[in-house]
Protein chains: 2
Amino acid sequence: MIPEPTGSPRSEPFAKIDPKFQMTVRDHVHRSLRAAILAGRFATGEKVNERSLAEQFGVSTTPIKEALRQLETEGLVEALPRRGVIIRFDMGWAEEMILARAALESMIAHLAAKRIGKPAGAELTAIADLMAKATTSADADSLISLNEQFHEHIHRSSRCSYLAKLIERQQFYDASIRRVIHMDPAERQKALEEHTAIAKAIVTGDADLAERQMRNHVVRSGETYLNIVFGSKKDIGRE
Amino acid sequence: MIPEPTGSPRSEPFAKIDPKFQMTVRDHVHRSLRAAILAGRFATGEKVNERSLAEQFGVSTTPIKEALRQLETEGLVEALPRRGVIIRFDMGWAEEMILARAALESMIAHLAAKRIGKPAGAELTAIADLMAKATTSADADSLISLNEQFHEHIHRSSRCSYLAKLIERQQFYDASIRRVIHMDPAERQKALEEHTAIAKAIVTGDADLAERQMRNHVVRSGETYLNIVFGSKKDIGRE
DNA sequence: GTACAGCATCTGATATACCAGATTTCAGAT
DNA sequence: ATCTGAAATCTGGTATATCAGATGCTGTAC
């Protein structure tokens, strides 16, 4: 901190660092395991051994246990008391995670349409406009970043922090896969149309329309993801 | 186990006990804390101390930490690294939990309507019929039990185990509160009508109708719960 | 009276020890 | 050869110890 000569407090000297950014071993383990599971680097039903994981990470079993507890609550592993934890993730699980995200995102879009104000609405439209520009010109990275901003803005507009947190936990395709997805011009175009329509519905306060369009968007882009990662054409939630 | 004279294996001698039923200290702590939080026995923002909890439960801090990790992932507490965990639950949080459950249950009802077969459909109708009888005659306990059966049957019919698991985590009014809710004849009648309508929509395969009705049912009964627990009239998701 | 450095204390994060339930192995009986 | 059950082993659950960051307190300087 730079010393302040006068006693008068400056309004916003430096942003306080968010304690959440601090990295602990258990978070590192949690993220690593989570990413590994979602990337399919474990077989469904495979047993994981705490001591062996601890050795691989070079830490004790304590943070491993805590990370496994988090994964258990997330539904990515199953704990059989006194018997160990087994991996629970396959294509079916991924489909259902997408459906869950669709259900929650559409609910939050519904509420955002009801609750968004004039200024926030204008910001959302602005983000959508930037996305339109980035779709044809810019690189995938800025598109990914705008994508995040777009959804996060909707979350904030809904004023639902619990729902937003739940959705975050559902968010499981990582940046590298997103980049692959946004490589395809057809996909970029489709996503843009959907985003534009969602933004319009929310800004005009059409909650039911916003909800439907958000749901279709999440399900459709989820299908794209599944096709890339699991490599088989699939309609989510059919039959 | 009763000894078997012949070498021939009996088909289904006794059901294997589900390992999940085994109780560990961390599960006990998790459930107790969860119930205490949902019952409002902690203030929002209140700090909880691991050592003090360990002392109160008469156990070491290890299972406490694991239970707190689960609560953290559930969104009921927030962990600030190296600083401790604070309670995150109030009426607003409860509202959002109800909305989340509404979103997920309606999604699962939608899928159940698409996927339910003839026999399972008949069973669902049968459960609804039993509910009709129990509404006027029987005690609250059997109504509560039928209620559970009803929703669980829908979950199974949807063939979505991940979604069902997610919903279970959202399930937060316990048996005692349910009993209070089901005491009121008007509430019983309203719930019956909703259940009947949901069953009909699912059995006839009207997925969109089932979805809408499930959502209304969860939100409306959630409002009843909120009025009882937090004691103020409130429309969820309005403004 | 106020501000701040330095010290004492509290408390979460991690490592380690130990126990008991679960699993596997293997010798002896049939 | 197969079954059984006791012993060895593995592994998760819990308890305890240790470390370091966060917090609180106090006495001194101004």
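Treat the numbers as computed from the prediction; the structure is a model and nothing was measured. Chain letters run A, B, ... following the sequence lines, proteins first and then strands; every chain starts at 1.
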Q: I want to confirm an ordering. Mapping B:P63 and B:K47 to their closest nucleotides on DNA chain D, which one lands closer to the 5' end?
A: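 That would be B:P63.
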Q: Base, sugar-phosphate, or nothing: which does B:V59 touch, judged by heavy atoms less than 4.0 Å apart?
A: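 Sugar-phosphate: the residue B:V59, judged by heavy atoms under 4.0 Å, touches backbone atoms but no base.
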Q: So among A:Q171, A:E96, A:E168, which one has a side chain to side chain donor-acceptor pair (under 3.5 Å) with A:R101?
A: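 Checked A:Q171, A:E96, A:E168 against A:R101; only one passes side chain to side chain donor-acceptor pair (under 3.5 Å): A:Q171.
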Q: For A:E66, run the side chain to side chain donor-acceptor pair (under 3.5 Å) check against B:R69, B:K65, B:Q70 and tell me which one passes.
A: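 Exactly one option meets the side chain to side chain donor-acceptor pair (under 3.5 Å) with A:E66, and it is B:R69.
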Q: In whole Å, what is the span from the CZ atom of B:R82 to the P atom of D:dC19?
A: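 It is 15 Å, rounded to the nearest whole Å.
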Q: Can we say A:E152 and A:R156 salt-bridge, meaning some charged N sits less than 4.0 Å from an Asp/Glu carboxylate O?
A: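 Here A:E152 pairs with A:R156 in a salt bridge, since their nearest N and O are under 4.0 Å apart.
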Q: In whole angstroms, how far is the P atom of C:dA20 from the CZ atom of A:R83?
A: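 The answer, rounded to whole Å, is 19 Å.
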Q: Output the rounded distance in Å from CG (A:D27) to P (C:dA13).
A: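 Rounded to the whole Å, the gap is 9 Å.
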Q: Can you tell me the distance, in whole Å, between the NE2 atom of B:H28 and the C1' atom of D:dT14?
A: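 So the two atoms are 15 Å apart, to the nearest Å.
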Q: What's the CZ-P distance between A:R69 and C:dT14, to the nearest Å?
A: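 In whole Å, C:dT14 P lies 16 Å from A:R69 CZ.
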Q: Once you apply a heavy-atom cut-off of 4.0 Å, does A:R51 come out as touching a base, just sugar-phosphate, or nothing?
A: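 Base contact.
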Q: Side-chain N or O of A:K65 less than 4.0 angstrom from OP1 or OP2 on D:dG12?
A: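 Checking D:dG12 against A:K65, no side-chain N or O comes under 4.0 Å of OP1 or OP2.
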Q: Could you tell me whether B:V29 contacts a base, only the sugar-phosphate backbone, or nothing, with contacts defined as non-hydrogen atoms closer than 4.0 Å?
A: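 No contact at all - B:V29 keeps every heavy atom at 4.0 Å or more from the nucleic acid.
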Q: Between B:Y173 and B:Y225, how do the two ring planes meet: parallel, tilted or perpendicular, split at 30° and 60°?
A: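 Parallel.
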Q: Is there a side-chain contact between B:N49 and the phosphate of C:dC10, meaning an N or O under 4.0 Å from OP1 or OP2?
A: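 Indeed not, no polar side-chain atom of B:N49 lies that close.
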Q: Write down the distance between CD (B:E50) and P (C:dG12), rounded to a whole number of angstrom.
A: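 After rounding, the reported distance stands at 5 Å.
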Q: Using whole Å, report how far CD1 of A:I64 lies from P of D:dG13.
A: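 About 14 Å, once rounded to whole Å.
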Q: Just to confirm, is there a sub-4.0 Å distance from OP1 or OP2 of C:dT14 to any side-chain nitrogen or oxygen of A:T24?
A: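 Yes, within the criterion.
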Q: Base, sugar-phosphate or nothing for B:T62? Non-hydrogen atoms, less than 4.0 Å.
A: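 Here B:T62 touches the bases of the nucleic acid.
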Q: At less than 4.0 Å, is any side-chain N or O atom of B:R26 found next to OP1 or OP2 of D:dG13? Yes or no.
A: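 Result: yes.
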Q: Could you walk me through whether B:S52 and B:Q56 pass the side chain to side chain donor-acceptor pair (under 3.5 Å) check?
A: CA-CA 6 Å; B:S52 132; B:Q56 290 179 57; 3.3 Å; yes
Q: Could you tell me how far apart A:E66 (CD) and C:dA15 (P) are, to the nearest whole angstrom?
A: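 Distance, rounded to whole Å: 11 Å.
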